Structure formats: structure tokens, C-alpha cells
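First up is the structure itself, then whatever we jot down about it.
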Amino acid sequence: MDAFFQWFRWLYDATGINLTIFYDAFDRRRFIGGFVTTVGLATSCILLSVVIGVAGASRLRITRSIVYWYIQFFRNTPPLVQLYFFYFGVGAYLKTVAGVPIVSNVTWAILGLSMYAGAFNVEIFRSGIESVPSATIEAAESFGFSRLQAYRYIVLPLAFRVCLPALNNNLVNLVKTTSISYAIAVPEMLYVSAQIWSDSVNVKEMMNVLLVCYVALVGLFVYVMHRWERVMRVPGYGG
């Protein structure tokens, strides 16, 4: 493995292509840490945004007005502005412990991006729920299901299959949008890459590394979601 890393040192000496993340152990650790942070951030945001979408798509009258204004706020403002609002605006009113904020920048990134994607997920799940025929719900109730049980065991699984393609698109966009969390100093790939190219003056190389990493990460996610979509498909239902 050491010979593999040293080959990139030779590449730099021979051609000037400076990929320090391979031959420099410190830069390599920084970039791997950024990649892991990006994966963890994306995973947390995906899970939380789906939960928000399912909860917000419920037909409870008491929450309809709240959900409506929540959707309007998060769909009609840029996600970067929302991150700044949470981190610098709301965060400024929260207490600190020994000079450290009780809500970290990573937590704000997860909350902000999840709320942003969740606003779109609400509409995606709502359209899926409305696509389930009322006769299906009536049939479930005739078998003794309560409204909540019919929603949980019948409506939501069917709606999920219908809205999965649109949900996939939104979640793919969410994975890419995590890169803006660099603006509040979350140490994800873009943030650590900026540190590396500032120290090593290898902007072009790191930009290409970022491109390859995001293509690979998003491509893997798309592949998994498409496989899941095939498994979840019900013949004759939802296309």
C-alpha cells in the first residue's frame, strides 16, 4: 500500500499533478474524515426528511395550517439562506456551555437540510396518499381496521410505492445539497478540500477529486434506490 501512495508522489514530481490526499498522510486523513462526514450527514438528513414527509402528509386537520406554512417557508427560500438563519439567527439566541454552543453546526446542518427536503417530501407523500383509491380504505375498514391502522398498514405502503420515483429524485438532490453545509464550517468533503487546496495549492486536482467522489457517491445511492424501487414495485399498481 505504501508503494501505491508513493506512486502519487512520483506522479507529482514527474507531471506536477499534486494529489496530496494520496501521498500525504495528514491530507489523506483529513479527506477521509470529510468523506465520512458527508456520508453521515447525507444519511441523517435522508432519514429525518422522510420522517418529516410522512408526518406532514397526514390528514390531521389540526396540523394542516402549520404544515402549509412550513412548506411555503422551506420551499420558497434557498437552503443556504435557511442554514444561515438557523445557525446565525436562531443559534445566536441559544445558550452556550463553557463557550461551546449547545447545538453544533453539524446538528444545525442536519436540521436545516432535513427541514428543507422534508417540505418537498410532504408534498410527494401527500400525492402518493391521494392516489390510493378511497375504495381501498373502505375495504380495509370493512375488515375491522381503524383509520390509523388503515393508514399505517394499507394506505402508506401503497402510497410509498407510487411516490418512490419522485422521492428518489428529491433525496438524490438532498445528497448533493449537503455540500452547502461548508458555509457553516461543517467539516464535510468540500470544506476539507478547501483547506487542502489552500495549504497545497492544488485547486484543480481537488476539484476533480470532489467531482469523482460525488459522482461515485450519488451514483451508488441512485443504484440502491433503483434496486429498492424494483423490489417494492407491485405488478399492475402504480405503473
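Both backbone and side-chain heavy atoms feed into the values below; hydrogens, waters and symmetry mates do not. Quick caveat, the model's predicted, so the values are computed rather than measured.
Through direct or indirect side-chain contacts shorter than 4.5 Å among Ile, Leu, Val, Met, Phe, Trp and Tyr, Trp69 is connected to Tyr68. Side-chain heavy-atom separations under 4.5 angstrom define the hydrophobic clusters, and the remaining members of the one that includes Leu211 are Val215. Counting side-chain heavy-atom gaps under 4.5 Å among Ile, Leu, Val, Met, Phe, Trp and Tyr, the cluster of Ile32 also holds Val36.
For the pair Trp197/Met207, a side-chain contact is recorded, criterion being any heavy-atom separation below 4.5 Å from C-beta on. By the 4.5 Å heavy-atom criterion applied to side chains, Glu188 and Ser179 are counted as neighbours. With contacts defined as side-chain heavy-atom distances shorter than 4.5 Å, the pair Leu174/Leu113 qualifies.
A pairwise comparison of heavy atoms in Tyr70 and Gly118 identifies OH-C, 3.4 Å as the closest pair. When all heavy atoms of Ser114 and Ile52 are compared, the closest pair comes out as O-CD1, 3.8 Å. Residue Asn170 comes nearest to Ala117 through the heavy atom pair ND2-O, 3.2 Å, listed as atom of the first residue, atom of the second, then distance.
Partners of Glu229 by side-chain hydrogen bond (donor to acceptor under 3.5 Å, both in side chains), not counting sequence neighbours, listed by chain and number: Asn168. Evaluation of the side-chain hydrogen bond (donor to acceptor under 3.5 Å, both in side chains) rule for Glu205 yields no partner, not counting sequence neighbours. With sequence neighbours left out, the side-chain contact (heavy atoms from CB on, under 4.5 Å) criterion links Phe125 to Val50, Val54, Ala57, Asn121, Phe160, Cys163, Leu167. Scored by the side-chain hydrogen bond (donor to acceptor under 3.5 Å, both in side chains) test, Thr107 finds Ser104 as partners (sequence neighbours excluded). Residues meeting the salt bridge (Lys or Arg N to Asp or Glu O under 4.0 Å) test with Asp27, sequence neighbours left out: Arg30. Under the side-chain hydrogen bond (donor to acceptor under 3.5 Å, both in side chains) criterion, Tyr191 pairs with no residue, sequence neighbours left out. Partners of Ser44 under the side-chain contact (heavy atoms from CB on, under 4.5 Å) rule, at least two apart in sequence or in another chain, are Ile110.
Residue pairs meeting the salt bridge (charged side-chain N to carboxylate O under 4.0 Å, His left out) criterion with at least one member in residues 112-125, sequence neighbours excluded, are Glu123-Arg126.
Within 6.0 Å of atom OH in Tyr182, 12 or fewer heavy atoms from other residues, nucleotides or ligands are found, so the atom counts as exposed in its surroundings. Environment of OH in Tyr23: crowded, with over 12 heavy atoms of neighbouring residues, nucleotides or ligands closer than 6.0 Å. Within a 6.0 Å radius of CZ in Arg75, more than 12 heavy atoms belonging to other residues, nucleotides or ligands are found.
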Please walk me through it: do Asn173 and Phe120 pass side chain to side chain contact (heavy atoms under 4.5 Å, CB included)? CA-CA 11 Å; Asn173 184 61; Phe120 293 90; over 6 Å; no
For residues 82-91, dump all side-chain donor-acceptor pairs below 3.5 Å to protein atoms at least two apart in sequence or in another chain.
residue : atom : partner : partner atom : Å
Gln82   : NE2  : Phe74   : O            : 3.0
Gln82   : NE2  : Thr77   : O            : 2.8
Gln82   : NE2  : Thr77   : OG1          : 2.8

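Note on ring orientation: taking the six-membered ring where Trp is involved, the planes of Trp10 and Trp7 are tilted (angle from 30° to 60°).
Note that NE2 of His226 is 9.0 Å distant from CG of Leu164, once rounded to the nearest 0.5 Å.
Checked by atom type and distance alone, the side chain of Arg9 never pairs as donor or acceptor with a backbone atom of Phe5 at under 3.5 Å.
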